[in-house]
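Because only heavy atoms are used, hydrogens play no part in the values below, and waters and symmetry mates are left out as well, while side chains stay in. Predicted, not measured: the structure shown is a model, and the values here were computed from it. Numbering starts at 1 and runs along the sequence shown.
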Amino acid sequence: MGVASGPIRVVVAKPGLDGHDRGAKVIARALRDAGMEVVYTGLHQTPEQIVATAIQEDADAIGLSILSGAHNTLFAAVIELLRERDAADILVFGGGIIPEADIAPLKEKGVAEIFTPGATMASIVEWVRENAGRPTGA
């Protein structure tokens with residue numbers, strides 16, 4: 001959660017009923033290939049499961065992939081649960097089919113960044129490095 005040295009740790013999750021996870025797996029692989037430690041939670045995760053995994057894994061960030069249209073509800077639930085568990089320092093970012101009009105309100109709720117279709121793997125990796133990086137020394 002931002003204090004330990006070592007590789008950036010990212011939990012990649014598919015919340016809700018969305019059953020399409022190809023994009024999440026591609027992102028997880030790109031982050032892993034960039035030297036990050038990645039935990040992919042699989043399909044149909046609840047916000048509670050995602051937050052519990054992130055805390056247990058000492059994650060620096062959570063990447064949520066949502067294609068179902070439930071992004072406003074699911075992102076907000078993850079952010080709120082992180083706050084309730086004193087883990088608001090875990091960065092939350094996401095991607096998927098998210099209308100442009102919903103991006104600013106999601107950021108106001110605490111989502112750090114939203115990647116929409118067309119975002120490159122390189123830009124996502126670089127953003128995670130810049131925003132979820134761990135200190136190199138203690």
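Inter-residue side-chain proximity for T41 and V11 is flagged as met; some heavy-atom pair is nearer than 4.5 Å. Within the 4.5 Å cutoff, side-chain heavy atoms of L82 are placed close to those of V92. Residues T53 and V39 are in side-chain contact: their nearest non-hydrogen atoms beyond the backbone lie under 4.5 Å apart. Annotation: side chain of I62 is not in contact with side chain of V10 (no heavy-atom distance under 4.5 Å).
Atom CD1 of I98 sits about 6.5 Å away from atom CD1 of I103, to the nearest 0.5 Å. For the atom pair CD1 of I50 and NZ of K14, the computed distance is 10.0 Å after rounding to the nearest 0.5 Å. With values rounded to the nearest 0.5 angstrom, L64 atom CG is found 8.0 Å from I79 atom CD1.
Residue pairs meeting the salt bridge (Lys or Arg N to Asp or Glu O under 4.0 Å) criterion with at least one member in residues 97-108, sequence neighbours excluded, are K107-E113. Residues in residues 66-118 take part in these ring pair (Phe, Tyr, Trp, His ring centres under 6.0 Å) pairs, two or more places apart or across chains: F93-W127, F115-W127. For residues 6-50, no pair satisfies ring pair (Phe, Tyr, Trp, His ring centres under 6.0 Å), with sequence neighbours left out.
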Worksheet entry | CA sep, side-chain torsions, deciding dist, call: I124, I27, side chain to side chain contact (heavy atoms under 4.5 Å, CB included) | CA-CA 8 Å; I124 295 168; I27 296 297; 3.4 Å; yes
Discussion item. Side chain to side chain contact (heavy atoms under 4.5 Å, CB included) for I114 and L106? Distances and angles first, verdict last.
Written reply: CA-CA 8 Å; I114 299 290; L106 287 169; 4.0 Å; yes
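A donor-acceptor contact shorter than 3.5 Å links the side chain of Q45 to the backbone of L43.
For I97, the side-chain contact (heavy atoms from CB on, under 4.5 Å) partners two or more places apart in sequence, or in a different chain, are L67, P117. Taking the side-chain contact (heavy atoms from CB on, under 4.5 Å) definition, one finds that A52 meets it with R85, sequence neighbours left out. Under the side-chain contact (heavy atoms from CB on, under 4.5 Å) criterion, D33 pairs with R29, sequence neighbours left out. Applying the side-chain hydrogen bond (donor to acceptor under 3.5 Å, both in side chains) rule to Q49 yields the partners T46; only residues at least two apart in sequence or on another chain are considered. Residues passing the side-chain hydrogen bond (donor to acceptor under 3.5 Å, both in side chains) test with S123 are T120, sequence neighbours excluded. The side-chain contact (heavy atoms from CB on, under 4.5 Å) test applied to E84 returns E80, L81, not counting sequence neighbours.
Scanning all heavy atoms of the two residues, the minimum distance from G110 to R83 falls at CA-NH2, 4.3 Å. Closest approach of P15 and S65 over heavy atoms only: CD-O, 3.6 Å. Scanning both residues, N131 and L91, for their nearest heavy atoms gives O-CD2, 3.6 Å. For M36 against V125, the heavy-atom pair with the smallest separation is CE-O, 3.8 Å. Between L74 and P47, the closest heavy-atom pair is CD2-CG, 4.0 Å.
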